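Note sheet for the following structure.
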Protein chains: 2
Amino acid sequence: MTEAHWTPPAVMLAVDLVILTLRDSRLHVLLVERGVEPYKGSWALPGGFLEHAEEDLATAAHRELAEEAAMDVETLHLEHLNVYGTPGRDPRGRVVSVAYLAIAPGLPEPTAGTDAAGARWQRTDQVLCGELELAFDHQKIVADGVERARAKLERSSLATAFCGPTFTITDLQRVYEAVWGIPLDPRNFYRKVQKSSGFIIAADTDRKVTTGRPARLFKAGPRKDLYPPMVRPTEPFDMKGPEG
Amino acid sequence: MTEAHWTPPAVMLAVDLVILTLRDSRLHVLLVERGVEPYKGSWALPGGFLEHAEEDLATAAHRELAEEAAMDVETLHLEHLNVYGTPGRDPRGRVVSVAYLAIAPGLPEPTAGTDAAGARWQRTDQVLCGELELAFDHQKIVADGVERARAKLERSSLATAFCGPTFTITDLQRVYEAVWGIPLDPRNFYRKVQKSSGFIIAADTDRKVTTGRPARLFKAGPRKDLYPPMVRPTEPFDMKGPEG
DNA sequence: ATAATAGTGTCTATGAGACATTATGGG
DNA sequence: CCCATAATGTCTCATAGACACTATTAT
């Protein structure tokens, strides 16, 4: 706003969604197959432009999710992830995309919506290593989303959101292992989680039926922020590595 | 993108900057006095609209910083903070603002640039408690920026960026105390920081002149991510408080 | 000497990690 | 009985927090 009667340039605003879930003890991300140019036929994150100038960003995110993947999860909690606005990232012109992150328990198999040729769950590790190439800069967006999820497991009780309404402590451990990508000791995990006051509380329902001793069932506790945090192991610093 | 020949609506894109620094061992944020409507005369974060449709967001942020606060800190590292796009947050129409966060050592007293009537450093605690009301939703943006800074001190070596090129361990402690808003034990802090490999390294320059024993000088080490993190004390969870 | 700040040592409680052991179900 | 998984206990080491003490300058 340099001049009095100058009007700011308009840009196209889009939303992109990183929907993470757990399937077969592996972290998956929701992808759609693009039905229109550009990148027609490529896999991409669900998302799209604002419908009208007054549409709320979160509203647009939910709408795109329903349109492209036929998911009407009104209850899905979307969290702002980042903004991707490098000029040239979209061949259609100046598009600034606001990325949202959602994390949820075993979601249903998606079906392609009106705007997409297909929709499916994809293992995040296959996306991160480049085994499957995504449209636009969506690989970077997925990487940011996964890293955010990893960090959130440490200080928040988010992991319980990956599980169903009730779960065993082993179920919870699987979440941490899948998202962090490392194995954890069951005994120590058990102690740590139970000692974290307010994290999980016993559910007085039946136990989980399985081979072996039946496990107790728990549900998410009232605590949202964990203290002390569940610190994830990191390699120590050796004062000479290229990074850290 | 529902129809084939439908074009997305255009929105006005703005950037806002949360520039944090330390003055007199207190956290301060850079504010400008608005010279134009709306909110003319109110204090607000520096920022403004994109100049043209192809301008990069980070470029716009640096430009606004120079225009409004006469700061030509090209080297200032701006980090994406959040997006504020609630319809109605700006009376001029649909404005989506991308907030950036920067953290730097004792910056100079700002001078009002071409677009602002004034510029000054303001204590963040006075902004957060509402003692000074800001334009738009800028109080919320400041709160988000401060919380982000607090969290970053734990896992990154960011605190050294608040200091000059060399600093004493006490200087570093003042940073943590000011940002976290709590006192720390000097002896334990000393041990902890020195044991964190790669965090700080001794500078073989002179010692700091002061009354009392002269202090050793250090400079930032190569390590960017701290492990184990410098966990900030938090009140324990009592299973009944309204929050946690 | 005294004041003032820098830097070190020591003690204790707690948590992390490794791993043995017991408990409880189904074949 | 054996097998599989759940749940608990024990040991050791590292760290956090509290705080006494020594060191080095200026006045």
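Computed from a predicted structure; not experimentally measured.
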Check: Using a heavy-atom cut-off of 4.0 Å to chain B, what are the terminal contacting nucleotides of DNA chain D, in 5' to 3' order?
Finding: dA16(D) to dT25(D)

Check: Who passes salt bridge (Lys or Arg N to Asp or Glu O under 4.0 Å) against Asp137(B), sequence neighbours left out?
Finding: Arg89(B)

Next item on the list: Identify, between Lys195(A) and Phe218(B), the residue whose nearest nucleotide on DNA chain C lies closer to the 5' end.
Entry: Phe218(B)

Checklist line | Qualifying salt bridge (Lys or Arg N to Asp or Glu O under 4.0 Å) pairs with a residue from residues 162-171 of chain B, counting only residues at least two apart or across chains | finding: Asp171(B)-Lys208(B)

Check: What string of B, S and - do you get for nucleotides 18-27 of chain C, 5' to 3', when a contact is any protein heavy atom under 4.0 Å?
Finding: BBB--BBS--

Notebook entry, point to check: Can you check the Gln173(A) CD to dG17(C) C1' distance for me, whole Å?
Noted result: 14 Å

Notebook entry, point to check: Taking atom P of dA16(C) as reference, at what distance in whole Å does atom NZ of Lys192(A) sit?
Noted result: 4 Å

Checklist line | Those residues that, when tested against His28(B), pass ring pair (Phe, Tyr, Trp, His ring centres under 6.0 Å) (two or more places apart) | finding: none

Checklist line | Close approaches to DNA chain D from residues 174-182 of chain A, in residue order (heavy atom, under 4.0 Å) | finding: none

Check: Who passes ring pair (Phe, Tyr, Trp, His ring centres under 6.0 Å) against Tyr84(B), sequence neighbours left out?
Finding: none

Notebook entry, point to check: Does Glu154(B) have any side chain to side chain donor-acceptor pair (under 3.5 Å) partners at least two apart in sequence or in another chain, and if so, which?
Noted result: Arg155(A), Arg232(B)

Next item on the list: Could you pull out all residues at least two apart from Tyr190(B) that satisfy side-chain contact (heavy atoms from CB on, under 4.5 Å)?
Entry: Ile169(B), Gln194(B), Arg216(B)

Notebook entry, point to check: Ion pair present between Asp144(B) and Lys140(B), side-chain N to carboxylate O less than 4.0 angstrom?
Noted result: yes

Checklist line | Ion pair Asp125(A)/Arg123(A), N-O distance below 4.0 Å | finding: yes

Checklist line | Distance test, side-chain N/O of Thr170(B) to OP1/OP2 of dA6(C), below 4.0 Å | finding: yes

Next item on the list: Rounded off to whole Å, could you give me the CG-to-C1' distance for the Leu184(B) and dA6(C) pair?
Entry: 17 Å

Note to self: For Glu133(B), give me all partners under side-chain contact (heavy atoms from CB on, under 4.5 Å), at least two apart in sequence or on another chain.
What the structure shows: none

Item checked: Whole-Å distance separating the CD1 atom of Ile169(B) from the P atom of dG7(C) -> 6 Å

Margin query: Applying side-chain contact (heavy atoms from CB on, under 4.5 Å), can you list everything that pairs with Leu128(B), at least two apart in sequence or on another chain?
Written below: Val142(B), Ala143(B), Val146(B)

Checklist line | Test side chain to side chain donor-acceptor pair (under 3.5 Å) applied to Lys192(B) - qualifying residues, sequence neighbours left out | finding: none

Checklist line | Nearest-Å distance for atom pair CD/C1', residues Gln194(B) and dA6(C) | finding: 11 Å

